[in-house]
Amino acid sequence: MLEIYKVATILKSYPLDIECIFAYDNYLLVGTKQGQLVMYKLVPRNNEYRFEVHIMRTNKTFAKRPIVQVAAVPEFHLIISLSDNVINLHDLDHVNTPFITSISKTRGATLFVTNVSKCKTLTGEQCTLRMCVVVKKKLMLFYWKNNEFLELGELAVPDIPKVIAWCAESLYVGFKSEYSLIKVTGEQKELFPTNTEPVVISLGGFNVGSEWNDCGFAMGRDQKTFIFDKEGSPILKYPITWSGHPTCLVDDLPYLLAIMPNSVIEVRAIEPRLLLQSINDLTNISTKVKQLIKCVNKRGQLFVSSTKEVFCLIAVPFHVQVPQLLRERQFELALQLADMYEENEVDSFDTSVVSEKDKVKKDIERLLAFDNFCKKDFVGAMKLFAKLQTEPPQVIGLFSDLLPEDYRSKIVGDYPYKPPEFKGTDLENGLFALIDFLLDIRRKFTSNSDKTSSEISKSSSKSKEQQLKQIVDTTLIKCYLQTNDALVSPFLRLPDNNCHLEETERALKRCSKHNELIILYQSKGLHKRALDILRNQSSKLNFGHEKTVQYLQHLSKDNLELIFEYASWVLEEHPEDGLKIFIEETTETSEQLPRDRVLDFIQKTNADLIIPYLEHVVWNWKDPTLLFHNTLANKYREKVRVLLEEYRRSLPESESPAATGEEPGELGPLRKKLIDFLEKSDYYSTETQSFFLLNDGLWEERAIVMGKIGNHEEALTIYVRALDDTKKAEEYCNRMYSKSQPGNRDVYLTLLKLYVSMPILPSLPSEELSSEKNSGKQHIDAAIELLRKHATKIDPLRALLLLPPTTPIFLIADFLEAVTKYVVKERHEGQMFRNMLLAQHLLVQSQRIKLHQENKVIVDETDLCCVCYRKIGRSAFLRYPDKRLIHYSCKDNFT
């Protein structure tokens, strides 16, 4: 049991019967049953819980009847007393306390209560005094002004009040069977019933939990005391319970004291609700104690009286109370006590601690945080640690397996005692609270990193901060592994994570977190380690080679050799997926890799992937590089040649080959790709390709290349003679014809010439020339049809010269008619266009003349310059919208 108060005897074996007492500052007023009032001055002895008692004044005729209640108001030099059922006023400062007046309207009074309030103004501190007097079933309110009490009003109540307390604008009244809240404005609120003698007191400012309450009330029912605020709402969730029914109650914050029926005085804390001390010293006095009051304006000093004795309860000093509370691990109470004392009242309870209030409070809060942790109040502990800005390792070290053992052993010695080890749900709850604490620390690190370098003066502070960041982030990973491992991967992916490599690596391996281990290596730039795991575990892990592909896709071109090293096995075992490393559209990295080196790597590793790679480079990335286009064309050509030879060998003698691009199997689609590439690409070497294609016997492909270089005659010769396909020859002309380009203007004429003359090309092989379909016959019918369909695209004079003289006129009648109509139409359209231009020109000229007429300026000898006031004459001039004239040379001087 603690020793919060010590008992000092003030008056013993008093000659008269003590009826009431009142104390303020160092003075004690004693009112007797015989009507005598005595004032004592109490002088405390140094370092002793004793007083020297001096009689200051005695008034034997203070009242004719017993003094039921007395109160002093030193601010207004008054003594207020209740005797003979009326309120009397006496002078406090004069000898013998002379009588001032009686308040006649209070005749029949049984109880009174005063309310002194102080407020600071511009002229200094001002005090106001109000008084409430119980007169039967009404409350009479008064206020002090001009040396007298003036009426403030009356409040009717349902019964005669037994006790009353006043704070701010609220009156708490205890009746025989219930408590009520009554506002000075008249508003009333019933609180709760009571079967015992009511007890109510007003409380000053006090702490409950972390909230400060500037006003409150304590009310008793049976063995319980309830705390309410000034609005009638309970402050505490649970009542304070005493060992018996209190007969008298008083507060000396943060404590409540009550007299028990057996004259034992119990000292309890309001929050937390604890019994701190039982004072038994007064159980053996001659008469039963009946009154317990506190000294106004003096904390830590209370007075107890019986009929014949008066005692003083003196609180032991702060530096004595705090160590007691700390030994009992009552840290919250010790903290409240520290908050209530001024700086000059605080003495260190430990010689090693600096005697400063804030330092003492921090020491207590640190112990409280540690105690909360040990009591499994992890959230409360972490909040206090955060408030105290405790170093993260000190907090992390409370858990047994989050710091390296050698590092933790240096920290454990700083704790008050060895922290307990938690398991199961308790451990999980502790880790969740620690996570919140560490995330808050992490946010502070982030905000600090925004400071300029000039704000961080020393490199050592940078190093320490970096170490703390490593400890915090590594601990977070360990906490996530034990509470919610789904958060490990996202945390490791954070660009600002500072996890310690070796510690995190050990923790992840212990939990067999291979995927998270790979992310760790990736975040630290240790790609080789990550890729080794992926390769070694590819057959065991669910993700296999696909994770390797994804990993390599996110490596930059600076890691090209590493990409090649670990892409090899994927390209060999899973070619299609392996190619995604270099062409995947979802990443930008593959597009930035040096394509010539990638092409060379694919050529050495898996040559079958060259075509799909180059197709992606050419068509998706629109790369115009000559090397890629030539290589793709050659790869197409080589593969087509091999497949074409196999196809021709497989054909029966009586069966003709299928049309180009219609061949069965892989050949047809591949040949279509080659033709499409040769038509659309403008970046391959046409000279070399034409030579290769001739040697490979790919006539249609050669015709496309010839068209690319503008050799229309040879291209059309291939269609007409080598392939005997007039339809494709005409389609070629349709593609190539352009009236505005001289090289392509006569492409139809070139085809007509081939139809009527069929020249023999020395470049064509002799076996092609000897075939029946290329025997040199004239395609007269095709020539006539060409003239009919494309009459407007062929020079008529040159076409007629090419036709054989024996050609009947009626065969070319349609051609001649179409040409004639076309020529006439063009001439007519040209004339119309010329006339329209002429009409437009005349309209513009007409408008110009009209504007000149409307805005003409006539200058005569009377017109003067507005600047120099000389005649304009024949000089160059300017005319402004307001018709003023100015010499052109004077314009710069015009304002």
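Formation of a donor-acceptor pair under 3.5 Å by the Asn262 side chain with backbone atoms of Val264 is found in this model. A donor-acceptor distance shorter than 3.5 angstrom exists from the side chain of Thr32 to the backbone of Gln36, with no hydrogens or angles considered. A donor-acceptor contact shorter than 3.5 Å links the side chain of Gln324 to the backbone of Glu3. A donor-acceptor contact shorter than 3.5 Å is absent between the side chain of Arg268 and the backbone of Ala258. A distance-only check finds a donor-acceptor pair linking the side chain of Gln188 to the backbone of Ala156 [under 3.5 Å]. Gln223 places a side-chain N or O within 3.5 Å of a backbone atom of Ser243 that can act as its donor or acceptor partner. The closest donor-acceptor contact from the side chain of Tyr179 to the backbone of Val199 lies under 3.5 Å. Panel note: side chain Arg50, backbone Ala8; no donor-acceptor pair is recorded below 3.5 Å. Distance alone, capped at 3.5 Å, places no donor-acceptor pair between the Thr307 side chain and the Ile18 backbone. With Asp229 contributing its side chain and Gly232 its backbone, the two residues share a donor-acceptor pair below 3.5 Å.
Sorted by first and then second residue, the salt bridge (charged side-chain N to carboxylate O under 4.0 Å, His left out) pairs involving residues 80-91 (not counting sequence neighbours) are Arg65-Asp84. Among residues at least two apart or in separate chains, salt bridge (charged side-chain N to carboxylate O under 4.0 Å, His left out) pairs with a member in residues 122-131 are Arg130-Glu169.
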Go through the steps to decide whether Gln291 and Ile293 satisfy the test side chain to side chain contact (heavy atoms under 4.5 Å, CB included), and finish with yes or no. CA-CA 7 Å; Gln291 190 173 5; Ile293 66 166; 3.6 Å; yes

Glu309 and Lys12: salt bridge (charged side-chain N to carboxylate O under 4.0 Å, His left out), yes or no, with the steps? CA-CA 5 Å; Glu309 293 90 6; Lys12 192 171 184 179; over 6 Å; no

Step-by-step side chain to side chain contact (heavy atoms under 4.5 Å, CB included) determination, Leu16 to Tyr14: CA-CA 6 Å; Leu16 302 177; Tyr14 200 70; 4.0 Å; yes

May I have the step-by-step check of side chain to side chain contact (heavy atoms under 4.5 Å, CB included) for Ser180 and Glu190, ending in yes or no? CA-CA 4 Å; Ser180 293; Glu190 293 184 3; 4.2 Å; yes

Worked check of salt bridge (charged side-chain N to carboxylate O under 4.0 Å, His left out) between Asp17 and Lys308: CA-CA 6 Å; Asp17 296 329; Lys308 295 296 182 180; 2.9 Å; yes

Side chain to side chain contact (heavy atoms under 4.5 Å, CB included) evaluation trace for Phe175 with Val163: CA-CA 7 Å; Phe175 299 102; Val163 289; over 6 Å; no

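Taking the six-membered ring where the residue is Trp, the centroids of Phe373 and Phe378 are separated by under 6.0 Å. Aromatic pair Phe62/His90: centroids less than 6.0 angstrom apart. Aromatic ring centres of Phe370 and Tyr415 lie closer together than 6.0 Å. Tyr172 has its ring centre less than 6.0 Å from the ring centre of Phe217. Taking the six-membered ring where the residue is Trp, the centroids of Phe226 and Phe192 are separated by under 6.0 Å.
Summarising the geometry, atom CG belonging to Leu155 is positioned 5.5 Å from atom CG belonging to Leu139; distances are rounded to the nearest 0.5 Å. With rounding to the nearest 0.5 angstrom, the CH2 atom of Trp166 is 8.5 Å from the OG1 atom of Thr114. Going from atom NE2 of His245 over to atom OG1 of Thr196 covers 3.0 Å, rounded to the nearest 0.5 Å. Annotation: the span from Leu384 atom CG to Thr390 atom OG1 amounts to 8.5 Å, rounded to 0.5 Å. The structure places CG of Leu256 at 11.5 Å from CD of Glu271, a figure rounded to the nearest 0.5 Å. Atom OH of residue Tyr49 and atom NZ of residue Lys6 lie 4.5 Å apart, to the nearest 0.5 angstrom.
For the side-chain hydrogen bond (donor to acceptor under 3.5 Å, both in side chains) test, no residue two or more places apart in sequence or in another chain qualifies with Lys288. In terms of the side-chain hydrogen bond (donor to acceptor under 3.5 Å, both in side chains) criterion, residue partners of Glu231 (sequence neighbours excluded) are, by chain and number, Lys183.
Side-chain contact check for Val200 versus Ile164: every heavy-atom pair is 4.5 Å or farther apart. The closest side-chain heavy-atom distance from Val134 to Phe112 is not below 4.5 Å. With a 4.5 Å cut-off on side-chain heavy atoms, Phe437 and Phe385 count as touching. Gln277 is not listed as a side-chain neighbour of Ile265, based on a closest heavy-atom distance of 4.5 Å or more. Contact of the Lys290 side chain with the Cys248 side chain is not registered, since no non-hydrogen atoms from C-beta on lie closer than 4.5 Å. Between Leu292 and Phe303, every side-chain heavy-atom pair lies at or beyond the 4.5 Å cut-off. Side-chain contact between Ser177 and Lys162: absent, with no pair of heavy atoms (C-beta onward) separated by less than 4.5 Å. Taking 4.5 Å as the limit, some side-chain heavy atom of Leu337 sits within range of a side-chain heavy atom of Pro254.
The number of heavy atoms from other shown groups lying within 6.0 Å of CD (Glu52) is above 12. When the shell of 6.0 Å around NE2 of His94 is examined, it contains 12 or fewer heavy atoms from other residues, nucleotides or ligands.
Looking at Asp426 and Lys376, a side-chain N of the basic residue comes within less than 4.0 Å of a carboxylate O on the acidic one, giving a salt bridge. Between Lys137 and Asp159 there is no salt bridge, since no side-chain nitrogen of the basic residue lies less than 4.0 Å from a carboxylate oxygen of the acidic one. Asp363 has a carboxylate O that lies under 4.0 Å from a charged side-chain N of Lys359, or vice versa, which qualifies the two as a salt bridge. A salt bridge links Lys138 with Glu154: the closest approach of a Lys/Arg side-chain nitrogen to an acidic carboxylate oxygen falls below 4.0 angstrom.
Residues Thr283 and Ser263 have side chains that never bring a donor and an acceptor to within less than 3.5 angstrom of each other. Checking Asn88 against Ser102 by side-chain atom types alone, a donor-acceptor pair falls below 3.5 Å. Donor-acceptor pairing under 3.5 Å is recorded for the side chains of Thr225 and Trp242. Side-chain contact, Thr97 with Asn59: a donor N or O sits under 3.5 Å from an acceptor N or O. Side-chain contact of Asn372 with Lys383: a donor-acceptor pair under 3.5 Å is absent, judged by distance alone.
Contact between Leu257 and Leu302 at its shortest, heavy atoms only, is CD1-CD2, 4.1 Å.
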Show every donor-acceptor pair shorter than 3.5 Å between a side-chain atom in residues 70-81 and any protein atom, with sequence neighbours excluded, or say none if there are none.
| residue | atom | partner | partner atom | Å |
| --- | --- | --- | --- | --- |
| Glu75 | OE2 | Lys118 | NZ | 3.4 |
| His77 | ND1 | Asp93 | OD2 | 2.6 |

May I have the list of side-chain donor-acceptor pairs in residues 142-150 shorter than 3.5 Å, sequence neighbours left out?
none

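A cation-pi contact, defined as under 6.0 Å to the ring centre and within 45° of the axis, links Arg329 to Tyr417.
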